[in-house]
Amino acid sequence: MLVRQVYTHLLFLSLLFTAGCSSTTEYEDVASGPRVYELVVPANLAATLPSPIRNPGTQEGVELGEKLFYDPVLSQTGTVSCATCHQPQKAFTDGKALTTLGVTGKPLRRHVPSLVNLAWMNGYFWDGGAKDLESMVFGPLTDPDEMGQSLKELTNTLQRHEQYPELFRKAFGTDSVTSAAVARALAQYLRTLISADSRYDKHVRGETGGYMNKEELQGWALFKQHCSSCHATDFFTDNGYHNNGLDSTFSANYEELAFGRGRITGQLSDRGKYKTPTLRNIALTAPYMHDGRFETLDDVLEHYRSGVRMSPALAIELQQEGRLGIALSGAEKANIIAFLTTLTDTGFIKTKSLIAPL
């Protein structure tokens, strides 16, 4: 299991005092928190955990964010939480092609992505429509088919709650609940969802439990040859947007969702491009692609071998040697899949809470 060590210390705040307006009790209350929240980041992943200056991670903020993440009070009906669709045991996905678990029961237009190593990403959603986690969380909260919540109603509900005002006070210094504070808390928690303790990780770090067999090692070599240009580094994503040949035409229905990145940029050259998903825990996050069209990893590899379709924005990597796709034998395809199974982090999926006991 990934070693997660939490160091806490006092985060001292600069205070302006006027004569007679502060008491010893008030000073001690402020000086004792919130406490900086730190994680030991696996060495092959990154040196530190990014945390924006405007929303630094604190023990109290992460705790509040985690509570909010698992609480259905965030939805309009009081029945849907973030974890309804982002289930830890499925690497924070829900196992459906297009989920129907939102407040209306209607299928969403895109597949639920895994929530992992988000702190290092520079764009969110399949088309990069959100630039940071703080803005990203408003999407599912307010989407009529996901959580369907009015931000005003949400803040009113949380303000009346018997626990939340005090938790917001501990995290942000005021018991006045705002939508911005909700977003900041959720973002702090989401940044702690780090996965890099799979068998593959232990292998590259030279740790016990990192054994990889012949087929997996051969699959790793093939992966580096054919897949790593997009699924790059030990994040297994370049955080970019690519057209991987799923379709040759793109419908303008449903707010041009089929345009992918092109919906955001308005550029023809970006149509059909979607954010490169991480491959971490990929064996647990079926089905695959932005619309969940492929049920198995074998289906995915078969697409790259024989199903790539031509369109103006098709990735150049899939147009090599006078053919579309990637030339793979059946054995090579099986070896790549064997390698991908080494990316499963069992400690990550078993751990609901990343917060050390107080």
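Computation of the quantities below employed the complete heavy-atom set of this structure, encompassing side-chain atoms and omitting hydrogens, waters and symmetry-equivalent molecules.
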- Check the pair Asp71 / Ser81 against side chain to side chain donor-acceptor pair (under 3.5 Å), numbers first and verdict last. CA-CA 5 Å; Asp71 196 336; Ser81 72; over 6 Å; no

- Query: Does the pair Thr276 and Tyr241 meet the rule for a side-chain contact (heavy atoms from CB on, under 4.5 Å), with working shown?
  - Reply: CA-CA 6 Å; Thr276 305; Tyr241 304 87; over 6 Å; no

- Step by step, would you call Asp234 with Tyr200 a side chain to side chain donor-acceptor pair (under 3.5 Å)? CA-CA 10 Å; Asp234 277 1; Tyr200 162 82; 2.5 Å; yes

- Task: Go through Asp345 and Lys202 one step at a time and tell me if the salt bridge (Lys or Arg N to Asp or Glu O under 4.0 Å) criterion holds.
- Result: CA-CA 10 Å; Asp345 182 347; Lys202 294 173 182 176; over 6 Å; no

- Task: Walk me through it: do Phe339 and Leu217 pass the test side-chain contact (heavy atoms from CB on, under 4.5 Å)?
- Result: CA-CA 7 Å; Phe339 165 68; Leu217 290 171; over 6 Å; no

- Message: I'd like to know whether Arg261 forms a salt bridge (Lys or Arg N to Asp or Glu O under 4.0 Å) with Asp127, so could you lay out the CA-CA distance, the side-chain angles of the two residues, the decisive distance to 0.1 Å, and finally the verdict.
- Response: CA-CA 4 Å; Arg261 184 62 175 166; Asp127 57 16; 5.8 Å; no

- Report the C-alpha separation of Val182 and Phe168 in whole Å, then their side-chain angles, then the decisive distance to 0.1 Å, and conclude whether the side-chain contact (heavy atoms from CB on, under 4.5 Å) test is met. CA-CA 9 Å; Val182 171; Phe168 275 88; 3.8 Å; yes

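Hydrophobic cluster membership is shared by Met136 and Phe92, with clusters built from Ile, Leu, Val, Met, Phe, Trp and Tyr side chains linked at under 4.5 angstrom. Note on Phe294: it clusters hydrophobically with Leu328, by side-chain heavy-atom contacts below 4.5 Å among ILVMFWY residues. In the hydrophobic cluster analysis, where Ile, Leu, Val, Met, Phe, Trp and Tyr join through side-chain heavy atoms closer than 4.5 angstrom, Val116 is grouped together with Ile349. The cluster map of Ile, Leu, Val, Met, Phe, Trp and Tyr, joined by side-chain heavy atoms under 4.5 Å apart, puts Trp126 and Leu115 in different clusters.
Note that the OG atom of Ser51 and the CZ atom of Arg191 stand 6.0 Å from one another [nearest 0.5 Å]. If you take NZ on Lys224 and CD1 on Ile336, they are separated by 12.5 Å, rounding to the nearest 0.5 Å. Between His242 atom NE2 and Asp270 atom CG the span is 11.0 Å, to the nearest 0.5 Å. In this structure, the separation between CG on Leu279 and NE2 on His231 is 4.5 Å, given to the nearest 0.5 Å. Atom OG1 in Thr157 sits 9.5 Å away from atom NE2 in His161 (nearest 0.5 Å).
Under a cutoff of 6.0 Å and an axis angle of 45°, Arg271 and Phe250 do not form a cation-pi pair.
Here the side chain of Asp299 pairs a donor or acceptor atom with the backbone of Glu295 at under 3.5 angstrom. Remark: the backbone N or O of Tyr211 is paired with a side-chain donor or acceptor of Arg199 at under 3.5 angstrom. Judged purely by atom type and a 3.5 angstrom limit, Gln159 uses its side chain to pair as donor or acceptor with the backbone of Asp175. At least one donor-acceptor pair closer than 3.5 Å links the side chain of Gln320 to the backbone N or O of Ile316. In this structure a side-chain-to-backbone donor-acceptor pair under 3.5 Å is missing from Thr99 to Lys96. Side chain of Lys275 to main chain of Gly123: a donor-acceptor pair is present (N/O by atom type, distance under 3.5 Å, no hydrogens or angles). Remark: side-chain polar atoms of Arg309 are not paired, donor with acceptor, to backbone N or O of Thr249 under 3.5 angstrom. Between the side chain of Ser251 and the main chain of Asn253, a donor-acceptor pair closer than 3.5 Å is present. Put simply, the side chain of His111 never gets that close to the backbone of Tyr288: no donor and acceptor are under 3.5 Å apart. The backbone N or O of Leu151 lies less than 3.5 Å from a partner atom in the side chain of Thr155, making a donor-acceptor pair.
Judged purely by distance below 3.5 Å, without hydrogens or angles, the side chains of Ser195 and Asn281 pair a donor atom with an acceptor atom. Residues Glu153 and Gln149 bring no donor and acceptor atom of their side chains to less than 3.5 Å of each other. Using modelled atom types, one finds a donor on one side chain and an acceptor on the other under 3.5 Å when comparing Lys67 with Gln163. For Asn239 and Asn122, the side-chain atoms include no donor-acceptor pair closer than 3.5 Å. Donor-acceptor pairing under 3.5 Å is lacking for the side chains of Glu216 and Asn335. Looking at Gln87 and Asp94, their side chains never bring a donor and an acceptor atom within 3.5 Å of each other. Side chain to side chain, Asn244 and Tyr304 meet the donor-acceptor criterion of an N or O pair below 3.5 Å.
Summarising the geometry of Met310 relative to Ser248, their closest heavy-atom pair is O-CB, 3.2 Å, with the distance given to 0.1 Å. Pairing each heavy atom of Trp120 with each of Pro50, the nearest pair is NE1-CD, 3.2 Å. The two residues Gly65 and Tyr189 have their closest heavy-atom pair at C-CB, 3.6 Å. Closest of all the heavy-atom pairs between Gly95 and Pro287 is O-CD, 3.6 Å. Closest heavy-atom contact between Ser75 and Thr79: OG-N, 3.1 Å. Across every non-hydrogen atom of Ser114 and Ala91, the tightest pair is OG-O, 2.7 Å.
Residues Val112 and Glu146 form no side-chain contact, since every pair of their non-hydrogen atoms from C-beta on lies 4.5 Å or further apart. Using a 4.5 Å cut-off on side-chain heavy atoms (C-beta onward), Leu108 and Arg110 make no contact.
Annotation: salt bridge (charged side-chain N to carboxylate O under 4.0 Å, His left out) contacts involving residues 331-342, sequence neighbours excluded, comprise Asp298-Lys333, Glu302-Lys333.
Taking the six-membered ring for Trp, Phe236 and Phe223 have ring centres closer than 6.0 Å.
Between His203 and Trp220, the two ring planes are perpendicular [angle over 60°; tilted spans 30° to 60°].
In terms of the side chain to side chain donor-acceptor pair (under 3.5 Å) criterion, residue partners of Glu166 (sequence neighbours excluded) are, by chain and number, Arg169.
Ion pair Arg205/Glu207 flagged as a salt bridge, since at least one NZ, NE, NH1 or NH2 atom sits closer than 4.0 Å to an Asp/Glu carboxylate oxygen.
Annotation: Gln319, atom CD; neighbour count of heavy atoms from other residues, nucleotides and ligands within 6.0 Å is above 12.
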